[in-house]
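What follows is a set of notes on a single structure, which appears directly below.
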Amino acid sequence: MARAAAASRRKAVSAVGGRLDPARLPRFLNLFAIRFPVGALVSIGHRISGVCLLLFVPWAPDLLSRSLRGQAEYDALAAALRSPWAAPLVFVFLWAFCFHLVAGIRHLLMDAGLGARLRTARASARIVLALLAALALLIAWRAA
């Protein structure tokens, strides 16, 4: 597959005297056909979880203030968070928080030089995914 892409690129370059001819380049890149390395998946997941946490920020102060108003308000908020419509939101928030925390620690350790070699980076990425899969199963089991 890589050879075909290189041959296509050579044809596109050589057709116009060493310049790229946009008409001869491939027009469609199927991102679902690309096989990302495990480290890239964890890095992309870290960014997605950060966006999920950022989207939660506007509601966090309101939920905190409601929970601190009194026992009745706390019980009403707890009942609302246990409702079927809120369960997916709570799950996504917990997943995003845990994923961002664990992957962030991994990234910080790699920035400090620990686990920066390819083999250990792949192993730590697999550990992050395994921990989060176990956490998802635990949350799903506790919810059932």
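Sequential numbering from 1 along the given sequence is applied to the chain's residues.
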query = Given side chains that start at C-beta, do those of R142 and L138 come closer than 4.5 Å, heavy atoms only?
reply = yes

Donor-acceptor pairs under 3.5 angstrom involving side-chain atoms of residues 87-115: please list them, not counting sequence neighbours.
residue	atom	partner	partner atom	Å
H100	ND1	H46	O	3.1
H100	ND1	S49	OG	3.1
H100	ND1	G50	N	3.4
R106	NE	S124	OG	2.8
R106	NH2	A121	O	3.0

query = Can you get from L68 to L77 by hopping between Ile, Leu, Val, Met, Phe, Trp and Tyr side chains that sit under 4.5 Å apart?
reply = no

ask   = Taking a hydrophobic cluster as the set of Ile, Leu, Val, Met, Phe, Trp and Tyr residues connected by side-chain heavy atoms closer than 4.5 Å, whether directly or through intermediates, do L131 and L135 fall within one such cluster?
value = yes

request  = Report the C-alpha distance between R47 and V51 in whole Å, list the side-chain angles of each, state the deciding distance to 0.1 Å, and finish with yes or no for side chain to side chain contact (heavy atoms under 4.5 Å, CB included).
outcome  = CA-CA 6 Å; R47 292 174 186 186; V51 170; 5.8 Å; no

inquiry  = Counting only heavy atoms from other residues, nucleotides and ligands, does the tally under 6.0 Å from CZ of R69 exceed 12?
reply    = yes

task = Please test L63 against F56 for side chain to side chain contact (heavy atoms under 4.5 Å, CB included), starting from the C-alpha separation and ending with a verdict.
result = CA-CA 11 Å; L63 293 175; F56 179 72; 3.9 Å; yes

ask   = How far does OG of S67 sit from CG of L81, to the nearest 0.5 angstrom?
value = 9.5 Å

query = Rounded to the nearest 0.5 Å, what separation is found between the CZ atom of R126 and the CG atom of L129?
reply = 9.0 Å

